[in-house]
Every structure is written in structure tokens, then in C-alpha cells.
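Comments concern the structure below.
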Amino acid sequence: MFNIKTKIKSIFLELPIGSTITVMGWVRTFRNNQFISLNDGSTIQNLQLYLPLGSFDDSICKRLTTSSSIKATGELISSQGKGQEIELKVEKLEILGDSPADLYPLQPKKHNLEFLREQAHLRMRTNTFGSVFRIRHELAFAIHSYFHQRGFLYWHTPIITSSDAEGAGEMFRVTTLPPTGASTLPDGSLDFNADFFGKQTHLTVSGQLEGELAAMAFGEIYTFGPTFRAENSNTTRHLAEFWMVEPEMAFYDLEDNMDLAESFIKSIIQQVLSQGREDLQFLEQRLIDEEMQLPADKRSPYTLIQKLELVRDTPFVRISYTEAVNILIQSNPYKKKKFAYDIQWGMDLQSEHERYLVEKHFKQPVIVYNYPKEIKAFYMRQNTDGKTVAAMDILAPGIGEIVGGSQREERYDMLLSRMNQLQIPHQQLHWYLDTRRFGTVPHAGFGLGFERMVQFVTGMSNIRDVIPFPRTPKSALY
RNA sequence: UCCUCAGUAGCUCAGUUGGUUAGAGCAUCUGACUGUUAAUCAGAGGGUCACUGGUUCAAGUCCAGUCUGAGGAGCCA
């Protein structure tokens with residue numbers, strides 16, 4: 001029977017001094033042959049277990065190594081030591097699983113993140129990753145509750161798709177064809193008729209198009225699922241497998257869309273500020289310690305929590321693409337030719353330009369809207385100026401694009417002609433076009449990269465450190 | 001994919017103009033100590049210098065290629 005255990009988190013909340021309780025968890029350190037620092041994952045806080053000298057056999061004490069798992073029962077007392085207020089005076093101790101000290105790869109000291117990335121199966125037992133993944137959970141939960149409270153339907157879109165016309169990047173092929181000796185057509189290409197689905201299939205790169213179908217039935221929906229891109233991207237903000245949140249709303253225009261995105265981000269940040277405080281404080285201190293190494297002018301002006309409170313409390317700046325270009329052209333770095341890339345109306349904003357806007361000029365999240373239609377996707381609604389589409393990107397300090405969205409083109413003829421211009425085959429998307437033929441309505445939506453949001457909230461600089469098992473080019477450990 | 005940097009003990013790193021048997025701290029192991037806070041003290045063990053080839057009397061060190069990792073860029077969320 002394991003359900004007699006008390007979670008360490010609740011012990012610190014309730015402080016039931018004098019009562020006898022049982023805890024189970026993993027040993028972080030065993031000091032002075034008397035003190036176990038125990039963590040059970042429910043909180044970043046460790047419970048100190050006190051083993052009076054001589055009360056337990058040497059053969060037991062020797063097995064209290066880092067990451068060994070134990071069950072301990074005793075009385076909760078106030079601590080005589082300085083570092084903690086309470087401790088458990090252990091009367092019964094059972095070792096559930098040994099952890100040989102000469103083999104266990106993690107030491108009770110600071111490891112760098114690259115080493116821990118290679119120990120992905122154990123790194124969640126460290127303070128930093130414990131906090132990151134508890135906050136990841138808190139954010140995921142906050143996302144569901146935000147949409148659920150507003151009557152959005154949680155909509156499951158397919159992970160295996162047969163449409164290759166979504167245009168959101170390279171796709172992973174899904175196949176049961178044998179690696180060698182698969183039957184081919186006369187022209188030498190693979191015969192996908194023999195494949196599992198009788199056609200070529202891929203892992204999804206976006207659930208948006210299927211999300212739009214649901215918005216045309218339920219009004220407001222969101223998806224929250226895994227997404228796959230076979231791009232050879234080697235950066236601190238790209239993964240081959242990541243999680244994306246994609247709300248899609250009928251009867252919304254671009255402004256409604258921006259309002260929702262802003263309210264959504266503020267709400268989930270508020271949720272983490274109130275529910276994940278201890279973990280945020282730990283991560284904040286971690287960043288402060290890290291920044292101590294930097295020269296003063298390179299340090300960030302805010303602490304992690306201050307940054308999140310600022311985002312929660314300040315209205316996002318909203319500027320059109322045209323205004324953004326004007327700001328950039330009048331900026332000092334542009335005049336002094338500090339930008340590596342040129343800026344002209346019609347060109348996509350480069351990372352350095354987005355960073356300037358967000359980190360130097362406005363110093364807070366910025367929504368840029370109404371982009372030139374040439375640099376945006378076929379499904380975005382064309383504006384009356386004939387040059388721009390009703391797109392919007394939310395740019396966050398340190399991360400860049402965290403949300404990309406648009407009002408969708410609901411007019412059948414306009415959509416069809418744009419698809420023809422871009423040579424997108426409509427045969428495969430007849431089901432998508434049908435929504436514009438049968439009861440079409442103005443609608444809009446956006447995509448939020450979940451890991452980028454976790455990065456923003458935790459302050460972790462590499463996206464590989466905010467997902468439990470990162471998949472990147474040349475790397476799918478575990 | 002491009003540019004830059006890196007790869008030496010389990011971890012973090014030092015290793016001089018190429019020159020004996022490649023070092024340190026932490027961890028580990030052994031012993032001591034005991035109200036500790038990544039406990040402390042003493043001793044011991046631990047190396048395919050990423051891989052392949054080349055230059056040289058001699059390569060951890062120089063050269064070429066490969067692999068892996070990191071940062072930046074592109075693509076994007």
C-alpha cells in the first residue's frame with residue numbers, strides 16, 4: 001500500500017507538526033550520516049529527514065546515496081538546524097531502490113545543461129528541470145482551462161495527414177513500405193498504392209486547416225497537440241517535434257483575434273505567477289546567478305518575475321507592418337548600418353529587426369499586423385489595399401515570434417484565385433474550399449508554439465531544455 | 001543548410017615555441033569524524049587526449065577529412 005504517503009508539497013503547506021507521517025521520494029543528499037534531503041517531485045522544496053546517530057544500521061546508511069528511493073515514517077518536528085524550519089524524525093526507514101553511487105551519473109552539484117541534455121532520462125530529478133517541467137505542466141493546464149472557461153471546444157486534429165499542400169515546411173513521411181525492395185512505378189518512383197493508407201502520408205505540420213473545419217461547426221475551438229517539421233533547423237528555438245496550440249474562431253476579425261491572443265497570453269502567465277511561484281523564484285535566482293558572469297550592461301533590466309508581471313499588466317504594443325518598417329528605417333542601427341540585412345517595404349522582417357523592435361525600441365511584446373501578402377500564406381485574408389493580408393505576429397523579448405495568426409480568407413473566389421496564383425493544387429484541399437462554399441463566415445485563428453511559451457516563462461535559453469525528450473536534427477535520444 | 005567555436009578522467013577544466021611516465025578541483029572507493037545544509041578531514045584508484053589519415057626523430061599540441069556538440073543565420077512556432 002503506497003497511498004498512505006504524504007506529498008512533501010502538502011507537508012510544507014500544512015506544517016502538521018507533531019503528527020506521524022510517511023513520505024516516499026528520492027534522496028538528494030545524505031549529510032553527516034544523519035540528514036537526508038528528500039525530494040518527491042511534488043515541489044522544489046526538499047524535506048529534511050533526521051536519522052538520530054546510531055538509530056539505523058550502517059548497512060542501511062551506506063545505501064542512502066544520491067537518487068536512491070526510500071520510504072520513511074516518523075514524527076514531524078521543528079528543526080534544530082538553521083536551514084529549515086521542520087524535519088521528519090525518522091522511526092521507520094525502508095530503501096525501495098538502490099542507486100549505486102559509483103554508477104549514477106548526476107552529482108549533487110551544478111552540471112551544465114548540455115551534459116544534462118544527454119541524461120534526459122534523469123535530468124528531471126534536478127532542481128532546474130524539476131521546476132521547468134512543473135511549470136510546463138502548469139502552463140498546459142492553464143491553456144486548457146482558459147479555453148474551456150470561454151466555451152472553446154478542445155478539438156483533436158489528425159497527426160497523420162495525407163494533404164501535402166499545407167506549405168508549412170518539410171514533412172516526415174509516414175510509411176509501412178519496407179526500407180528496401182518496395183515496389184516502384186514504371187518511372188522509378190515508389191508505388192504508394194502499396195503503402196498502408198494507399199497513398200503518401202505525413203506527420204502533421206499544423207492542425208489549422210482541420211481546425212477551421214471545426215470552427216465552422218462549433219464556433220470556437222482550439223487544438224493542442226504534437227506537430228512535426230523535418231526542417232534542418234539548428235537553433236535554440238526549433239524542434240522537429242513540438243507542441244502547438246491553435247485556436248480557430250468563427251465570427252472573428254483580425255482585431256478580435258489580437259484581443260484574444262493578448263488576453264490568452266496574459267491569462268496563462270497570471271496562472272503560472274500564482275500557481276508556480278516557488279519554481280519561478282528558483283528559476284529567477286538561477287538566471288540572476290548566470291547573469292552575474294556577464295558585464296553589467298548585458299544583464300537584463302528585469303528579473304524573470306518582473307518580466308512576466310510586466311507582460312501581464314501592460315497592453316501589448318500593436319503596430320502595422322508598414323509602421324514597423326518605418327520605425328526600423330529611422331532607427332540608429334539602421335542609420336549606422338549595423339543591421340546585416342536591409343529593410344524595405346515588402347521584405348520579411350529578419351530576427352535582428354524583430355529583436356530591435358521588441359528588445360530595444362518597445363521593450364515589451366509587440367503585435368505586428370497587416371503584412372505584405374507576398375510573404376504570407378495563401379489562406380490569409382486579403383485587405384482592401386490589395387497589397388497586404390490580415391496577418392499578425394506576436395514577438396516576445398528573447399524568443400522572437402511566439403504567436404503567428406491571421407484572419408482567414410472566407411471569400412471563395414478570393415481564396416481560389418490566391419491558390420491559383422501560388423499554384424496550390426485545390427483538388428487535395430477540396431474539403432477546405434467546401435467551408436467557403438457552404439455557409440462561410442469571417443473567421444480567424446492563431447498558433448502558439450507551446451515550447452516557446454515555456455521558454456519565455458521559465459527563461460530557459462534553449463528550447464531543448466523545456467521539452468522532456470527533445471527531437472532535433474541528428475538527435476533523438478531516449 | 002551556411003558561418004564561427006569546441007571535443008583531454010564520471011563532471012568542470014589546465015596542459016607553454018611539438019620534447020621524459022598527461023595534471024588539478026569535484027565525484028567515486030577506503031578510513032576518520034558527527035546537528036549537517038552541494039557536510040568536513042586524510043589517503044587511494046581512475047585516461048583509446050572524439051575518430052581516420054598525414055607531416056615529423058618525436059603529436060594532446062601542427063595539417064586534412066569525418067563525426068558530435070554549442071552559438072549565430074536562414075526556415076518558422
Side-chain angles (χ1 to χ4, degrees), chain A residues 27-37 46-54 58 61-62 65-66 77-84 87 89 100-119 126-127 166-170 204-208 224-246 261 339-341 348-355 375-377 393-396 399-405 446-456 461-467 470 472-475 477:
Chain A
V27 172
R28 284 289 173 81
T29 61
F30 179 43
R31 294 183 295 264
N32 222 1
N33 258 344
Q34 294 174 87
F35 302 99
I36 297 170
S37 199
N46 299 326
L47 180 67
Q48 173 156 295
L49 309 187
Y50 170 44
L51 279 53
L53 266 184
D58 254 18
C61 293
K62 279 211 160 38
T65 53
T66 302
I77 58 174
S78 50
S79 176
Q80 294 174 31
K82 278 185 181 158
Q84 60 285 316
E87 63 194 20
K89 188 177 178 188
D102 53 338
L103 301 178
Y104 185 65
L106 305 186
Q107 302 161 25
K109 71 162 207 180
K110 239 190 164 106
H111 288 289
N112 70 32
L113 298 173
E114 288 156 44
F115 171 71
L116 290 170
R117 228 168 271 158
E118 289 164 13
Q119 311 291 332
T126 64
N127 284 334
E166 291 169 24
E170 293 295 310
T204 182
V205 292
S206 165
Q208 180 200 317
F224 187 173
T227 310
F228 307 87
R229 304 268 168 95
E231 303 282 352
N232 193 5
S233 296
N234 295 286
T235 76
T236 53
R237 55 191 189 284
H238 286 87
L239 291 164
E241 175 182 291
F242 63 101
W243 289 67
M244 190 151 63
V245 182
E246 294 180 290
F339 287 136
Y341 290 84
D348 212 350
L349 301 180
Q350 301 294 319
S351 291
E352 57 179 356
H353 305 144
E354 296 180 351
R355 292 181 90 108
I375 58 172
K376 288 291 180 183
D393 287 350
I394 301 185
L395 311 177
I399 313 284
E401 184 177 344
I402 198 165
V403 161
F446 62 85
L448 171 101
F450 181 59
E451 281 76 18
R452 289 191 183 172
M453 191 68 208
V454 180
Q455 266 188 286
F456 182 74
S461 55
N462 194 314
I463 200 165
R464 293 159 213 162
D465 297 328
V466 300
I467 188 168
T472 52
K474 302 272 181 260
S475 172
L477 299 165

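Side chains included, hydrogens not; waters and symmetry mates left out as well; all remaining heavy atoms used.
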Discussion item. I'd like the P distance from B/rA22 over to B/rC49, given in whole Å.
Written reply: 11 Å
Discussion item. Counting the atoms with a prime plus P, OP1 and OP2 as sugar-phosphate, which does A/Val403 contact under 4.0 Å by heavy atoms, base, sugar-phosphate, or nothing?
Written reply: sugar-phosphate
Worksheet item: Given B/rA38, B/rU1, B/rA70, which nucleotide is nearest the side-chain atoms of A/Thr29?
Response: B/rA38
Worksheet item: How close or far is atom C1' of B/rC76 from atom CG of A/Asp348, stated in whole angstroms?
Response: 10 Å
Discussion item. Between B/rC51 and B/rU61, how many Å separate the two P atoms, rounded to a whole number?
Written reply: 10 Å
Item to complete: Both distances under 3.5 Å, Watson-Crick or G-U wobble: report the partner of B/rU52, or none.
Response: B/rA64
Worksheet, complete the sentence: Sorted by position of nearest nucleotide on RNA chain B, 5' first, the leading residue of A/Glu401 and A/Ser475 is A/Ser475
Worksheet item: Does A/Thr236 place a side-chain N or O at less than 4.0 Å from the phosphate oxygens OP1/OP2 of B/rG71?
Response: no
Discussion item. When you compare the side chain of A/Asn462 with that of A/Leu113, does any pair of heavy atoms fall below 4.5 Å?
Written reply: no
Worksheet item: Would you say a side-chain N or O of A/Arg31 is under 4.0 Å from OP1 or OP2 of B/rC33?
Response: no
Discussion item. From OH of A/Tyr50 over to P of B/rA39, roughly how many Å is that when rounded to an integer?
Written reply: 18 Å
Worksheet item: What interatomic distance, in whole Å, is found between P of B/rG54 and the corresponding atom of B/rU68?
Response: 24 Å
Practice prompt. Look at the side chain of A/Gln34 against the base of B/rG35 and say whether a donor-acceptor pair falls under 3.5 Å; ignore hydrogens and angles.
Written response: no
Fill in: Integer-rounded Å distance: B/rU12 P and A/Leu106 CG
12 Å
Response to the item:
Between CD of A/Gln48 and P of B/rU37 the distance, given in whole Å, is 10 Å
Discussion item. Give me the distance, rounded to whole Å, that separates B/rC67 from B/rG53 when you measure between the C1' atoms they each carry.
Written reply: 15 Å
Worksheet item: Base, sugar-phosphate alone, or nothing: which one does A/Phe115 contact when heavy atoms must sit under 4.0 Å apart?
Response: sugar-phosphate
Worksheet item: How far does the C1' atom of B/rG46 sit from the matching atom of B/rA6, given to the nearest Å?
Response: 25 Å
Polar atoms only, N or O, under 3.5 Å: list the protein pairs with nucleotides 26-29 of chain B and their distances.
from   : atom 1 : to       : atom 2 : distance (Å)
B/rA27 : O4'    : A/Gln107 : OE1    : 3.4

Item to complete: Tell which nucleotide pairs with B/rU40, taking only Watson-Crick or G-U wobble pairs whose two distances are both under 3.5 angstrom.
Response: B/rA32
Discussion item. For A/Phe35 and A/Tyr50, I'd like to know if the aromatic rings sit close, meaning centre-to-centre distance below 6.0 Å.
Written reply: yes
Discussion item. When you measure only distances, ignoring hydrogens and angles, does the side chain of A/Ser233 come within 3.5 Å of the base of B/rC76 through a donor and an acceptor?
Written reply: no
Worksheet entry | Spacing of A/Ile77 atom CD1 relative to B/rU36 atom C1', expressed in whole Å | 14 Å
Worksheet item: Just checking A/Lys474: base, sugar-phosphate only, or nothing, at a heavy-atom cut-off of under 4.0 Å?
Response: sugar-phosphate
Item to complete: Measure the distance from CD on A/Gln350 to C1' on B/rA73 and round it to the nearest whole Å.
Response: 9 Å
Worksheet item: Counting side-chain heavy atoms from CB outward, which of B/rA38, B/rU36, B/rC33 is closest to A/Asn33?
Response: B/rC33
Fill in: OP1 or OP2 of B/rA39 under 4.0 Å from side-chain N/O of A/Arg28
no
Discussion item. In whole Å, measure the gap between the C1' atoms of B/rG10 and B/rU52 for me.
Written reply: 27 Å
Discussion item. Before we go on, tell me: are the rings of A/Tyr341 and A/His353 under 6.0 Å apart, centre to centre?
Written reply: no
Item to complete: Taking only the side-chain nitrogens and oxygens of A/Asn462, find out if one of them lies under 4.0 Å from OP1 or OP2 of B/rG71.
Response: yes
Discussion item. Between B/rU8 and B/rG60, how many Å separate the two P atoms, rounded to a whole number?
Written reply: 15 Å
Response to the item:
The nucleotide from B/rG69, B/rG35, B/rG74 with an atom nearest the side chain of A/Glu114 is B/rG69
Practice prompt. Pick base, sugar-phosphate or nothing for A/Asn112, based on heavy-atom distances below 4.0 Å to the nucleic acid.
Written response: sugar-phosphate
Worksheet entry | Donor/acceptor link under 3.5 angstrom from A/Ser351 side chain onto base of B/rG74 | no
Discussion item. How close do A/Glu451 and A/Val466 get, counting heavy atoms only, and between which atoms?
Written reply: O-CG2, 3.6 Å
Worksheet item: Just how far, in rounded Å, is P of B/rG7 from CZ of A/Arg117?
Response: 18 Å
Worksheet entry | Touch class at under 4.0 angstrom, heavy-atom based, for A/Glu87 against every strand present | base
Discussion item. Can you confirm whether A/Thr65 sits close enough to A/Val27 that some side-chain heavy atom of one is under 4.5 Å from a side-chain heavy atom of the other?
Written reply: no
Worksheet item: Any side-chain heavy atom of A/Asp465 within less than 4.5 Å of one from A/Arg117?
Response: yes
Worksheet item: When you compare B/rA44 with B/rU37, how far apart are their C1' atoms, in angstrom units rounded to a whole number?
Response: 28 Å
Worksheet item: Considering only side-chain heavy atoms of A/Phe35, which listed nucleotide, B/rU36, B/rC76, B/rU1, is closest?
Response: B/rU36
Fill in: Rounded interatomic separation in angstrom, taking CD from A/Glu231 and C1' from B/rU1
11 Å
Practice prompt. Determine whether any donor atom in the side chain of A/Gln84 lies under 3.5 Å from an acceptor atom in the base of B/rU36, or the reverse, and answer yes or no.
Written response: yes
Worksheet item: With a non-hydrogen cut-off below 4.0 angstrom, is A/Glu451 in contact with a base, only sugar-phosphate, or nothing?
Response: nothing
Discussion item. Please classify the nucleic acid contact of A/His238 as base, sugar-phosphate, or nothing, using heavy-atom distances under 4.0 Å.
Written reply: base
Worksheet item: Using a cut-off of 4.0 Å on non-hydrogen atoms, how would the nucleic acid contact of A/Leu103 be classed: base, sugar-phosphate, or nothing?
Response: nothing
Discussion item. Is it the case that B/rG72 (base atoms only) and A/Glu352 (side chain only) share a donor and an acceptor within less than 3.5 Å, ignoring hydrogens and angles?
Written reply: no
Item to complete: Decide yes or no for A/Thr236 and A/Ser461: does some side-chain heavy atom of the first lie under 4.5 Å from some side-chain heavy atom of the second?
Response: no
Fill in: Closest-nucleotide ordering on RNA chain B, the 5'-leading residue of A/Ile375 and A/Thr472
A/Thr472
